[in-house]
Amino acid sequence: MRRTDHHRTSPRALALAAGLVTQLAAAGAYAAPPAAEALVNTKCAACHTAKGDGKWDRISDSRRTPEGWDMTVARMGFAHGVKLSHEERSAIVKYLSDAYGLSPDETVAHRYIIERQPSVVEHHDNKVIGDTCARCHSYARVAVQRRTEDDWRKLAHFHVGQFPTVEIQAGGRDRNWFELATGDAAVALGKVYGYDSASWAKWKAQKPVDMSGTWRLVGHKPGTGAYEGSATIQRTGDDRYSVAMELRYENGATESATGSSIVYTGHEWRATVQQGGRNVHQVFSLQPGGAVLTGRWFEEDNDAVGGDLKAVRAGSAATVLSVQPAMLRSGSRASVTINGTGLDGDVDLGPGVKVRRVVARSADRVTLEVDVAAGAAIGARTVSVGKAQGADALKVFKRIDYVKITPDHPMARVGGAGGSTPKVPAQLEAIAYSAGADGKTGTADDLRLGVVDASWSLANLNKAAEEMRDVEYAGRIEKNGLFVTNDAGPNPDRKYGANNVGELRVTATVKDGGRTVKATAPLIVTVQRWNDPPIR
Ligand code: HEC
Ligand code: HEC
C-alpha cells in the first residue's frame, strides 16, 4: 500500500506538468484533422524508424491512455527537442490513442488515476511490480499501460538513463533496483501488463459508436450530494461533440454545463465544460455496448472537488439509476424519487415498503409517497418500475449503528498565499452503516446506508501535533465537510516559524433520532505538490 502522492523526483518534469490536462480536454483544438500518420513520419520517424503499416520503433510497442500518450509526447519535446505546435501535438495524441489505446476493461481497475480522485491509497495487484515501480509515482501509472516485455525493460533503462539518481532515491538503496527493474519486474510487467490482449483485439475490431443523442444521468458530488439530470450530445466532427448538461441536486440546487469533447480510443470521453461559472473537466469512459457512460468530473483549478457520474442513453434498455433518498427508516413515511429511463409500469420498492401515493411520474422520474412498515426487514431492496430495475437501489434501516468517514486517509495541502500552487482541500463525507439483521457490527450483513449530514470538528492527532498546536494553524472545516488549509510558507507566529502543515484528527458527529454516532479519521495537512502531471 502506498499513497499516490509519494515523494517525486524530477525537476524537469515540472515543465511537463503544467497545463496538460487542459491541453487534452480543450476540445475543438484541431483546425482540420491533419493526416496524423504522415505527421508521425515527419516528427518522430527521424529517431523512431518507420516499419510501415502505422508502426514505428518503440512507438508501436506500447499502448496507453490519452493522458499517457500526451505525457510521453510532451517528454519527447522537453527531453529530445521535438517541436510540435499545439495542433500537431493534439493530432498525434489522438492518433496514437486510437491506434495504441486501452480497452474499457483494461483501464477499469485503475481509472482513479486518470479521474484524479483525491486521497486514494493504492493496493498493488502485483508485489514485484509494486515494490519496484510504485516508489516515486503511483502504481496506476504503470497499470494503465501495456507493453511488450522488451519495451518494459527499455522503460527501466530510460529511468536510469534520464534520472541517474533513481537507484538511490525513494529507498532505492534497499535493493539492486536496476537489476530488478530489468529482470524480475520486467518479466512480471510483460505478463501482467503485456502488449497483446484479447480484450484489446476485440475492442479494436468494433465500429466506433456515435455518442450523439440524449442521455439520462445521475451522480454524486461529495459535499453537495446526489444529483440527477440529462445531457444532450451533438456531433461536431470526427470523434468531436458538443455537450449540454442539466444537473439537479437533491438539495434543490441546479447547475448547467456546456462545452465540447473529444472521444479517444472509441470510449475515452474528455470534455471541458463551463459548469457553475467554473471550468470543469470530464473524464468518462463509454462502456462496451455504447449505451452507458461513467466517470468523474472535477474543477480545472481544484481537482479534489468534483463528482461521479453515470449516464445512459435515452431509449436504451429501461433501467432504475438511483433512488433519492437512498435510505429509508422502518416505521416512517417518506417522499421518494426514482430516477431512470423507461420508467413505465408498476412500481415495486421491495418487501415492507408500500406506495401510498404517486405524486408525479414521467419515463425519467417517478415521485412517490411511501410508508415503510415498522417491522420491515433491514436490508437492500431492488427497486423496479415495470421492466426497469435497480438492484440495491434502496436501503431499509432501523437505526444508524456506526459511521465511517471517507476518504479513509484524507490529505490536504497548503498553498495559495500568492504562490503558483493553489491550496488542495479535502472533501470529507460521513457514511452511515447499519449492523444488519444480526445487530452485530463488523459482520458480513453490515449494510452501507449512504451519506448523512454530520457536524465536523478538528483536534490535534498526536503529542507532536499538540505541541505544535497544529489545529490552530493547519486550516478549518466547513459545514459540508470541506477542509480548507491555511496559506503556505513559513508562519512567524508558529513555533520554529513552521509551515502551516499539521496532523489532525477529524470527528464527524451524526444525530440519529435522540442518539449520537461519531466517527474519527486522521487528516494529514501537508506541503504543495510541485510536480503534478496528468498521471501522478
Ligand atoms: C530526436 C529524437 C526523437 C524524436 C524526434 C522522437 N523521439 Fe521518442 N524517444 C527518443 C528517445 C531517445 C527515446 C528513449 C528514451 C526516452 O524514453 O526518453 C524515446 C522514447 C519514446 C517512447 C517510449 C517512451 C516510454 O514511455 O518508454 C515513445 C512512445 C516515443 N518516444 C514516442 C515518440 C513520438 C510519438 C515522437 C514524435 C512526436 C517521438 N517519440 C519523437 C527520441 C526521439
Ligand atoms: C525513483 C523513482 C522512480 C521509480 C522507482 C520508478 N519511476 Fe517511473 N518515473 C519516474 C520519473 C521521475 C518519471 C518521469 C517524470 C514524471 O514523473 O513525469 C517516471 C516516468 C514513468 C512513466 C511515464 C513515462 C512517460 O513517457 O511518460 C512510466 C510508465 C513509469 N515511470 C513506469 C515505471 C515503472 C514500470 C517502474 C518500475 C520498473 C518505475 N516507473 C519506477 C520515477 C520513478
Side-chain angles (χ1 to χ4, degrees), residues 18-30 65-67 70 86 90 93-94 97 111-112 114-118 209-251 253-287 290 292-314 321-322 339 364 422 425 427 532 534:
L20 288 195
V21 176
T22 322
Q23 271 257 357
L24 261 192
Y30 309 51
T65 57
E67 286 77 8
D70 199 41
H86 176 82
S90 303
V93 168
K94 173 75 171 91
S97 304
R111 292 198 72 80
Y112 60 86
I114 41 178
E115 292 175 351
R116 302 182 78 75
Q117 281 183 25
V209 174
D210 185 343
M211 307 274 300
S212 50
T214 308
W215 296 69
R216 173 79 171 121
L217 56 89
V218 299
H220 176 81
K221 181 187 181 193
T224 309
Y227 66 83
E228 50 90 19
S230 62
T232 308
I233 297 175
Q234 280 177 315
R235 195 167 174 276
T236 54
D238 268 356
D239 293 334
R240 279 168 193 75
Y241 300 91
S242 68
V243 56
M245 286 187 176
E246 287 301 324
L247 277 60
R248 292 177 290 269
Y249 288 90
E250 195 171 13
N251 69 7
T254 59
E255 249 172 13
S256 50
T258 54
S260 54
S261 94
I262 300 180
V263 176
Y264 299 85
T265 332
H267 71 99
E268 293 284 10
W269 167 279
R270 301 292 184 275
T272 301
V273 296
Q274 272 282 315
Q275 178 176 333
R278 292 196 167 85
N279 267 353
V280 165
H281 292 310
Q282 299 178 340
V283 177
F284 303 156
S285 171
L286 183 70
Q287 302 304 294
V292 181
L293 192 61
T294 57
R296 180 173 184 261
W297 50 268
F298 49 84
E299 292 180 8
E300 179 175 281
D301 300 329
N302 189 4
D303 57 38
V305 172
D308 61 26
L309 172 138
K310 179 176 184 179
V312 301
R313 211 181 268 276
L321 288 169
S322 73
N339 299 306
D364 276 358
Q427 177 65 63
D532 196 8

Check: How far apart are the C-alpha atoms of Tyr249 and Thr254, what are their side-chain angles, what is the distance that settles it, and do they pass the side chain to side chain contact (heavy atoms under 4.5 Å, CB included) test?
Finding: CA-CA 6 Å; Tyr249 288 90; Thr254 59; over 6 Å; no
Next item on the list: Carefully, step by step, assess Leu286 and Val209 under the rule side chain to side chain contact (heavy atoms under 4.5 Å, CB included).
Entry: CA-CA 9 Å; Leu286 183 70; Val209 174; 4.1 Å; yes
Next item on the list: I would like to know whether Val243 and Val273 meet side chain to side chain contact (heavy atoms under 4.5 Å, CB included); could you show each step before the answer?
Entry: CA-CA 8 Å; Val243 56; Val273 296; 3.8 Å; yes
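With rounding to the nearest 0.5 angstrom, the NZ atom of Lys221 is 5.0 Å from the CH2 atom of Trp297. Once rounded to the nearest 0.5 Å, the distance linking OG of Ser230 with CG of Leu217 reads 6.0 Å. Interatomic distance, CD of Gln234 versus CG of Asp210, reported as 11.0 Å (0.5 Å rounding).
By the 6.0 Å contact criterion, NZ on Lys310 is open, its count of non-hydrogen atoms from other residues, nucleotides or ligands being 12 or less.
In this structure, the side chains of Thr224 and Asn251 come closer than 4.5 Å at one or more pairs of heavy atoms. The shortest distance between side-chain heavy atoms of Ser260 and Thr272 does not fall below 4.5 Å. By the 4.5 Å heavy-atom criterion applied to side chains, Gln287 and Ser285 are counted as neighbours. The shortest distance between side-chain heavy atoms of Tyr264 and Val93 falls below 4.5 Å. Within the 4.5 Å cutoff, side-chain heavy atoms of Met211 are placed close to those of Trp269. Residues Thr294 and Leu309 have side chains not in contact (no heavy-atom distance under 4.5 Å, counting atoms from C-beta outward). Side-chain contact between Asn279 and Gln274: present, with at least one pair of heavy atoms (C-beta onward) separated by less than 4.5 Å. Val280 has its side chain out of reach of Phe298: every pair of non-hydrogen atoms, C-beta onward, lies at least 4.5 Å apart.
When every heavy atom of Pro222 is checked against every heavy atom of Gly306, the shortest pair comes out as CD-O, 3.3 Å. Heavy-atom minimum distance, Met245 versus Leu247: CB-CD1, 3.9 Å.
For Ser322 and Glu228, the side-chain atoms include no donor-acceptor pair closer than 3.5 Å. With hydrogens and angles left out, the side-chain atoms of Arg216 and Asn339 include a donor and acceptor closer than 3.5 Å.
Checked by atom type and distance alone, the side chain of Lys94 never pairs as donor or acceptor with a backbone atom of Pro66 at under 3.5 Å. In this structure, Asp308 contributes its side chain and His220 its backbone to a donor-acceptor pair below 3.5 Å. Of the possible polar contacts, none joining the Arg296 side chain to the Gln282 backbone as a donor-acceptor pair under 3.5 Å is found. Although no hydrogens or angles enter the test, the distance criterion places a donor-acceptor pair under 3.5 Å between the side chain of Thr265 and the main chain of Ser97.
In this view, Thr236 and Arg240, Ser242 satisfy the side-chain contact (heavy atoms from CB on, under 4.5 Å) rule, not counting sequence neighbours. For Thr258, there are no side chain to side chain donor-acceptor pair (under 3.5 Å) partners, not counting sequence neighbours.
Between Asp239 and Arg270 there is no salt bridge, since no side-chain N of the basic residue sits under 4.0 Å from a carboxylate O of the acidic one. Using a cut-off of 4.0 Å between Lys/Arg side-chain N and Asp/Glu carboxylate O, Arg248 and Glu255 are scored as not salt-bridged. A salt bridge links Arg111 to Glu268: one of the charged nitrogens lies within less than 4.0 Å of a carboxylate oxygen.
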